[in-house]
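Structure, as structure tokens:
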Protein chains: 2
Amino acid sequence: MDAISPSGINPLIRKLDSVSILSDEERGAVSGLPMHIRDLKADQDIVRERDRPSQCCVMLDGFACSYKVTAEGKRQILAFHIAGDVPDLQSLHLKVLDNSLATISPCRVGFIQHEHLLHLCERYPRITGALWRGTLVDAAVFREWMTSIGRRPAYSRIAHLFCEMVVRMRAAGLVRECPCQIAFTQNEIGDALGLTTVHVNRTLKQLREEGLVTFNRGVLTIHEWEGLKEAGEFDPTYLHLETNRAAA
Amino acid sequence: MDAISPSGINPLIRKLDSVSILSDEERGAVSGLPMHIRDLKADQDIVRERDRPSQCCVMLDGFACSYKVTAEGKRQILAFHIAGDVPDLQSLHLKVLDNSLATISPCRVGFIQHEHLLHLCERYPRITGALWRGTLVDAAVFREWMTSIGRRPAYSRIAHLFCEMVVRMRAAGLVRECPCQIAFTQNEIGDALGLTTVHVNRTLKQLREEGLVTFNRGVLTIHEWEGLKEAGEFDPTYLHLETNRAAA
DNA sequence: CGTTTGGTTGAAATGTGTCAAACTTTGTGG
DNA sequence: CCACAAAGTTTGACACATTTCAACCAAACG
């Protein structure tokens, strides 16, 4: 049988570990969760707005995104999801989904029935805390995105997104060296940042000409990290990465 | 001694009740929380980005907002808070605040020490669930705002905001009839929606001329609810109002 | 090796921002 | 209770970031 994920370790455990300190017993309880694993193709909906799921989806490998579509048919990507994320954890407490979820690259995902997660939370309050904390970090990322989309020019938005993705992927152990894979297109960058593909393209050119980053067909090369951070006004505080391990 | 809030009942209980079903014992435990009440003037910071609060703030009366300021000094308002909201509940689990919080009208707020909230959550898992659920609804609102800011024109954004505020305030028992008070300025509307005050003004004029709404110095009059909803593509699903009372 | 997907570019249109001034209401101190 | 200041709203002219439309190009893929 295949390993649960390319790295061989359970990405969910890794994620919870990064957000909280769990005991071996707790970690064991998480890995013991009955999980139905599926491999999905790129550009496939996993769940849709208005669904009432009875299970949550755990990202094991690949890239996915949450999104909404306006009445005029414009798509807004709300978040990118990487290994370890539980993109629809909200469904555990909110019956109706208010956004859709789709793969953007081939993905391996695990489905866990709500009842199992609820039992786990009942039994292990610290796991509840870790999951809750995870949703609070997600909300912090939403706030940062709102600020970007609402108040920063295209140039900064794109720089900011690249910084965020690299920091998140590094924290998840998905990236080591610099030229790294981020499986999205200029179109998806636009949909995430409230921009047109065309304008993303032009702005990418500008960033490239200024020697900050190159992004081409999913290959991201950061030439000047400091410059990119500055261009994107990127301050990783909102990702709440190290800070919280010490929390009660 | 003054009542805790104008309505006389504890807005926090009302809020938790709207999100969950609590027993009398649980309700009693919430009202028994030691809370330090303060009256604040308008336009005053309550907590600031980078603070490490040891308490949470409960809105008892008035309007407040969460916000961030970009490097170029532009403000993005992330959320409006009304009675019953706990705008910085995140600080219970995330050490460092990633946004500031300020009053926009005179406010009465209550401060509760984290330790008391944590004890309460330990003792009453269903209260944990209710609070968690509240943060998930907040996140759902962020997602909707991102969609508005990223993909809807100014006209729709403003219409949408008015719809949302009225529905929320009605759910909180703060509004009955139509001409109602919403204590914010055109400037604050702009900061919330990623627009300029000037452009908000012009768009407001347009909405007024089309007979949908009038907004003047905090007095909101909705002339055509259906038309306004349509203009703002407003669908209240994301507020998760009734749906969840039936939840486990 | 043609077809598809994603990227690149130009010209023109437009929504929103900027700057600057005037107007109106509200609140306040004399 | 007036006069004045302060805060919020309104308007005009102009600038600019971003969109739209339309085409072309380049890589990836079966």
Side-chain angles (χ1 to χ4, degrees), chain A residues 41-44 63 65 70 72-77 102-106 148-159 161 181-209 213-221 231, chain B residues 41-44 63 65 70 72-77 102-106 148-159 161 181-209 213-221 231:
Chain A
K41 280 182 280 193
D43 298 308
Q44 224 183 309
F63 282 76
C65 70
T70 69
E72 281 84 35
K74 303 195 173 185
R75 178 173 71 157
Q76 175 67 46
I77 290 181
T103 61
I104 61 183
S105 76
S148 258
I149 297 173
R151 289 303 190 198
R152 292 199 257 251
Y155 183 79
S156 298
R157 284 186 228 182
I158 295 181
L161 176 63
Q181 283 287 139
I182 300 192
F184 44 57
T185 64
Q186 294 183 3
N187 182 41
E188 282 150 352
I189 295 175
D191 282 351
L193 302 180
L195 298 169
T196 313
T197 310
V198 173
H199 196 58
V200 169
N201 183 282
R202 291 195 235 272
T203 311
L204 236 26
K205 182 181 181 184
Q206 201 185 333
L207 284 161
R208 191 190 319 134
E209 286 172 349
V213 259
T214 310
F215 180 78
N216 193 278
R217 290 167 198 269
V219 180
L220 180 74
T221 316
Chain B
K41 280 181 281 195
D43 298 309
Q44 223 184 309
F63 282 77
C65 70
T70 67
E72 281 83 36
K74 303 195 173 185
R75 177 173 71 157
Q76 176 66 47
I77 290 181
T103 61
I104 61 183
S105 76
S148 258
I149 297 173
R151 289 305 189 197
R152 291 198 256 251
Y155 184 80
S156 298
R157 284 186 228 180
I158 295 180
L161 176 63
Q181 282 288 139
I182 301 193
F184 44 56
T185 64
Q186 295 183 4
N187 182 40
E188 282 150 351
I189 295 176
D191 282 351
L193 301 180
L195 298 168
T196 313
T197 310
V198 173
H199 196 59
V200 169
N201 184 280
R202 290 194 233 272
T203 311
L204 237 25
K205 182 181 181 184
Q206 200 186 334
L207 283 161
R208 191 190 318 134
E209 286 171 349
V213 260
T214 311
F215 180 79
N216 194 279
R217 288 166 201 270
V219 180
L220 179 74
T221 316

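Chain A is the first sequence line, chain B the second, and so forth, proteins listed ahead of strands; every chain is numbered from 1.
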Quiz item: Less than 4.5 Å apart, any side-chain heavy atom of I149(B) and any of R157(B)?
Solution: yes
Exercise. Could you tell me whether the phosphate oxygens of dT10(D), OP1 or OP2, come under 4.0 Å of any side-chain nitrogen or oxygen in K205(B)?
Key: no
Quiz item: Separation of L204(B) atom CG from dT24(C) atom P, in whole Å?
Solution: 18 Å
Practice problem: Report the distance from atom CD1 of I189(B) to atom P of dA7(D), rounded to the nearest whole Å. | Solution: 19 Å
Quiz item: Quick one: is dT9(D) close enough that its OP1 or OP2 comes under 4.0 Å of any side-chain N or O from N201(B)?
Solution: no
Practice problem: Please report, rounded to the nearest Å, how far the P atom of dT18(C) is from the CD atom of E72(B). | Solution: 11 Å
Detail all sub-3.5 Å separations between protein N/O atoms and N/O atoms belonging to nucleotides 28-30 of chain D.
none

Exercise. Round to the nearest Å and state the distance from K74(B) atom NZ to dA17(D) atom P.
Key: 10 Å
Exercise. For the pair T203(B) (side chain) and A154(B) (backbone), establish whether a donor and an acceptor sit closer than 3.5 Å, ignoring hydrogens and angles.
Key: no
Please list each protein N or O that sits under 3.5 Å from an N or O in nucleotides 13-16 of chain C, with the distance.
residue: dT16(C); atom: OP1; partner: A154(B); partner atom: N; Å: 3.2
residue: dT16(C); atom: OP2; partner: H199(B); partner atom: NE2; Å: 3.3

Quiz prompt | Atom-pair distance (CD1 on I149(B); P on dT18(D)), nearest Å | solution = 15 Å
Quiz prompt | Polar side-chain atom of T197(B) near backbone of Q186(B) as donor-acceptor pair, under 3.5 Å | solution = no
Quiz item: Is the side chain of T214(B) donor-acceptor paired with the backbone N or O of R208(B) at a distance under 3.5 Å, no angle test?
Solution: no
Quiz item: For R208(A) and dT8(C), is the shortest distance between a side-chain N/O and OP1 or OP2 below 4.0 Å?
Solution: yes
Practice problem: Please evaluate the base of dG10(C) for a donor-acceptor partner in the side chain of R202(A) within a cut-off of under 3.5 Å? | Solution: yes
Quiz item: Taking only side-chain nitrogens and oxygens of Q186(B), does any of them come within less than 4.0 Å of OP1 or OP2 of dT10(D)?
Solution: yes
Practice problem: Measure the distance from CD1 on I104(A) to C1' on dG6(C) and round it to the nearest whole Å. | Solution: 14 Å
Quiz item: What is the distance, rounded to the nearest whole Å, between atom CD1 of I158(B) and atom C1' of dT9(D)?
Solution: 14 Å
Practice problem: Report the distance from atom CG of N187(A) to atom C1' of dT19(D), rounded to the nearest whole Å. | Solution: 14 Å
Practice problem: Establish, with yes or no, whether the OP1 or OP2 oxygen of dT10(D) is under 4.0 angstrom from a side-chain nitrogen or oxygen of N216(B). | Solution: yes
Practice problem: Taking all non-hydrogen atoms of both residues into account, name the closest pair between F184(B) and F215(B) and its distance. | Solution: O-CZ, 3.0 Å
Practice problem: Please name the pair of heavy atoms, one in E188(A) and one in I77(A), separated by the smallest distance, quoted to 0.1 Å. | Solution: O-CD1, 3.7 Å
Exercise. Begin with the C-alpha distance, continue with both residues' side-chain angles, and end with the deciding distance and a verdict on side chain to side chain contact (heavy atoms under 4.5 Å, CB included) for T103(A) and F63(A).
Key: CA-CA 6 Å; T103(A) 61; F63(A) 282 76; over 6 Å; no
Quiz item: Any side-chain N or O of R151(B) less than 4.0 Å from the OP1 or OP2 oxygen of dT18(D)?
Solution: no
Exercise. Between F184(A) and V200(B), name the one whose nearest nucleotide on DNA chain C is closer to the 5' end.
Key: F184(A)
Practice problem: Step by step, work out the side chain to side chain contact (heavy atoms under 4.5 Å, CB included) result for L193(A) and I158(A). | Solution: CA-CA 7 Å; L193(A) 302 180; I158(A) 295 181; 3.6 Å; yes
Quiz prompt | Nearest-0.5 Å distance, CG of residue N201(A) to CG of residue N187(A) | solution = 11.5 Å
Quiz item: Taking only residues two or more places apart in sequence or in another chain, which ones pass side-chain contact (heavy atoms from CB on, under 4.5 Å) with T70(B)?
Solution: T147(A), R151(A), R152(A), E233(A), E72(B), K74(B)
